[in-house]
Amino acid sequence: MKEVKSPKKPLIYYYGIVLLILFLFNLIVTPLLAQGQVVEVDYGTFMQMIEDKDIGMVQVEDSQILFTDKDNAVIYETGAMDDPTLTQRLFDAGAQFTRVVEEPMSPILSFLLTFVLPLVIFIGIGQYMNKKLMEQVGGKNSMAFGKSNAKVYVQSSQGIRFSDVAGEDEAKESLAEIVDYLHDPKKYTDVGASMPKGVLLVGPPGTGKTMLAKAVAGEANVPFFSISGSEFVEMFVGMGASKVRDLFKQAKEKAPCIVFIDEIDAIGQKRSSGGGMGGNDEREQTLNQLLTEMDGFEGNNGVIILAATNRPESLDPALTRPGRFDRRVPVELPDLAGREAILKVHAKKIRTADDVDFHTIARMASGASGAELANIINEAALRAVRDGRTIVTEADLEESIEVVIAGYQKKNAVLSDKEKLVVAYHEIGHALVAALQSHSAPVQKITIIPRTSGALGYTMQVDTGDKYLLTKEELENKIATLTGGRAAEEVVFGSITTGASNDIEQATKLARAMITRYGMTDEFDMVAMETVNNQYLGGDTSLACSADTQNRIDAKVVEVVKAQHEKARRILEQNRAKLDELAKFLYEKEIITGEEFMQILKAGGDKQ
Ligand code: ADP
Ligand code: ZN
């Protein structure tokens with residue numbers, strides 16, 4: 001009970017209502033009932049009535065006397081007096097009278113009745129309402145106020161192994177040591193080595209962090225507790241801390257075991273320095289409890305905490321101090337080989353044609369996470385079913401890459417012919433600028449089938465291998481390619497459309513990064529003017545320079561983009577015939593493959 005502190009309607013609220021009702025009942029109803037039956041009179045009236053022999057039955061009690069008139073029509077009540085002759089006079093008046101000796105109620109019983117009983121009733125009602133409330137807000141588990149709710153997976157039922165996690169070899173290697181420790185702790189304690197208490201899995205969403213944590217438990221054959229950081233900070237003040245306490249209590253009972261805290265950034269964010277607002281207190285309390293628990297247990301008790309986050313830079317430094325989450329395992333987006341392996345793992349669950357080349361598919365899905373790759377396989381299978389086939393083909397997979405990356409084909413969106421032509425020129429503009437510059441990834445496929453994501457056309461470029469370093473020229477060419485769509489509209493129609501908004505955003509981002517982060521301009525040399533806050537989620541940045549410098553950066557961004565835009569326009573003007581030919585092809589077929597594109601480009605014409 002002591003943890004129950006609802007911010008909205010504390011229990012006292014319900015007790016209050018019950019008390020009020022009882023109070024009103026006493027105040028109004030009881031006297032009403034009584035009044036109907038008994039008339040209160042003074043002792044003189046009583047004596048007068050005896051005198052007049054207008055008296056029926058009399059009941060003498062310690063403190064009061066109840067009596068009726070001769071016809072027994074009305075009951076009267078009066079206070080008792082010290083009146084020694086009363087008996088004689090009543091006898092003379094011919095009344096029927098008795099004396100009732102009240103058994104004094106035992107003090108214990110009266111205490112029970114007046115204090116304990118109501119209290120028991122109130123508490124009972126309170127508990128009932130508490131339970132009701134919990135059922136409404138807390139799901140099925142109504143008794144779990146302050147319980148951790150951690151899901152427990154025991155190896156036998158959920159045996160995920162390292163072999164189920166494709167790629168991520170470095171991560172697996174780091175974690176293998178922990179598995180080994182859980183298998184044979186003695187080997188480590190003999191030398192005096194203690195395992196890290198906490199391991200932080202760091203990487204973008206969908207890269208298999210949860211899978212890896214489960215695999216550690218699966219390989220070590222130990223229980224696996226899993227809870228998400230956001231579950232700690234749910235609804236009631238003080239709940240988070242008590243959930244943490246409960247989680248660790250459970251874990252210690254089941255040791256050796258793995259505790260996995262997903263999205264630890266939900267509780268582990270940097271604590272505010274100056275007294276924050278109420279909302280943060282709860283999170284800080286939870287975090288403090290977690291730190292206390294981690295400090296509390298000795299290194300070798302067999303509880304190993306794995307936590308996952310995709311925002312490592314936002315974590316409170318206290319969490320990553322030695323003795324807490326002092327080991328960090330990066331779980332990065334898969335590279336080409338990794339993507340191929342992941343695709344193959346998931347393809348085992350579906351029936352694929354024998355000739356599917358997963359290497360090509362993996363190349364096309366550059367930048368996809370493990371979760372997206374799993375999704376690509378599933379989308380392909382769904383597509384095969386929709387078409388009434390029982391085997392998934394390579395075309396299904398290619399299509400589903402576009403679906404997962406660019407959104408579904410929007411079959412019913414009708415573009416007017418004029419719009420379709422503009423979109424065709426726009427996309428060919430991108431592709432042509434890309435193809436006519438050196439260092440650009442070859443075009444794989446262009447479509448002008450609208451997507452639910454809002455994109456009207458889509459140019460897919462595929463790098464031949466993974467690229468880790470980009471040269472300044474390559475970045476400039478990328479910007480030129482991005483401006484190529486708009487440039488084509490200008491060259492051909494002399495007017496411009498809204499279709500380039502996404503291109504503009506990307507081009508600006510690239511140009512800005514060249515200046516502020518990659519040190520690629522003479523003006524600012526190798527000075528960092530922006531730092532990346534969030535490496536794994538979109539990479540938003542924060543400025544670290546004066547307002548004056550910001551103005552100069554903005555001007556420089558415009559300069560860089562403008563130069564590339566002009567270059568793109570020049571390329572298209574010089575290749576106007578090819579532009580028209582390719583756009584016409586795309587306009588009619590709505591789709592053009594890389595090979596068709598190159599054929600038309602090379603046929604009869606030479607690069608100018
Ligand atoms: P995270 O916890 O990093 O957000 P998950 O572990 O929940 O990612 O992964 C989501 C899904 O993506 C998994 O259930 C799995 O199907 C798939 N997946 C991700 N990475 C891999 C991988 N390396 N190998 C196989 N499947 C993966
Ligand atoms: Zn575009």
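In each ligand, atom 1 is the first atom listed, and ligand 1 is the first ligand listed.
With a 4.0 Å cut-off on non-hydrogen atoms, Thr210 touches ligand 1 through its backbone as well as its side chain. The proximity of Asp262 to ligand 1, defined as any non-hydrogen pair under 4.0 Å, does not occur for either the backbone or the side chain.
Taking a 6.0 Å sphere around NZ of Lys556, one finds it holds more than 12 heavy atoms contributed by other residues, nucleotides or ligands. By the neighbour-count criterion of 12 heavy atoms within 6.0 Å, atom CD of Glu173 is sparsely surrounded, having that number or fewer from other residues, nucleotides or ligands.
When the Zn ion (ligand 2) is compared with the N/O/S atoms of Asp503, atom OD2 turns out nearest. Checked against the Zn ion (ligand 2), the N, O or S atom of His426 at the shortest distance is NE2.
Taking the six-membered ring where tryptophan is involved, the planes of Phe224 and Phe260 are essentially parallel, since the angle between them stays under 30° and well short of 60°.
Among the atoms of Met211, some N or O lies under 3.5 angstrom from an N or O of ligand 1. For ligand 1, none of its N or O atoms has an N or O atom of Glu168 under 3.5 Å away. Considering backbone and side-chain atoms together, Gly208 places an N or O closer than 3.5 Å to an N or O of ligand 1.
Taking 4.0 Å as the cut-off between side-chain N and carboxylate O, Lys420 and Glu590 count as a salt-bridged pair. Glu427 and Lys445 are not joined by a salt bridge, as no carboxylate oxygen comes within less than 4.0 angstrom of a charged side-chain nitrogen.
Applying side-chain contact (heavy atoms from CB on, under 4.5 Å) to Leu510 and the options Lys478, Gln564, Glu505 leaves one that passes, Lys478. Only one option out of Leu290, Val244, Thr309, Leu200 pairs with Ile261 in a side-chain contact (heavy atoms from CB on, under 4.5 Å); it is Leu290. Checking Ile304, Leu182, Val216 one by one against Val222, the side-chain contact (heavy atoms from CB on, under 4.5 Å) holds for a single residue, Leu182.
With rounding to the nearest 0.5 Å, the separation of CD1 in Ile350 from OG1 in Thr390 is 12.0 Å.
Here the shortest heavy-atom distance to atom 22 (C) of ligand 1, taken over Ser163, Ala213, Gly370, Ala166, belongs to Ala166.
The closest approach between a heavy atom of Leu201 and any atom of ligand 1 is not below 4.0 Å. At least one heavy atom of Gly206 sits closer than 4.0 Å to an atom of ligand 1. Judged by the shortest distance from any of its heavy atoms, Val165 lies inside the 4.0 Å radius around the atoms of ligand 1.
Residue-ligand proximity, Asp164 to ligand 1, at heavy-atom distances under 4.0 Å covers atoms 24 (N), 25 (C). Near His346, meaning under 4.0 Å from any of its heavy atoms, are these atoms of ligand 1: 15 (C), 16 (O), 17 (C), 25 (C), 26 (N), 27 (C).
In terms of protein heavy-atom proximity, atom 12 (O) of ligand 1 is nearest to Ala371 CA, 3.1 Å.
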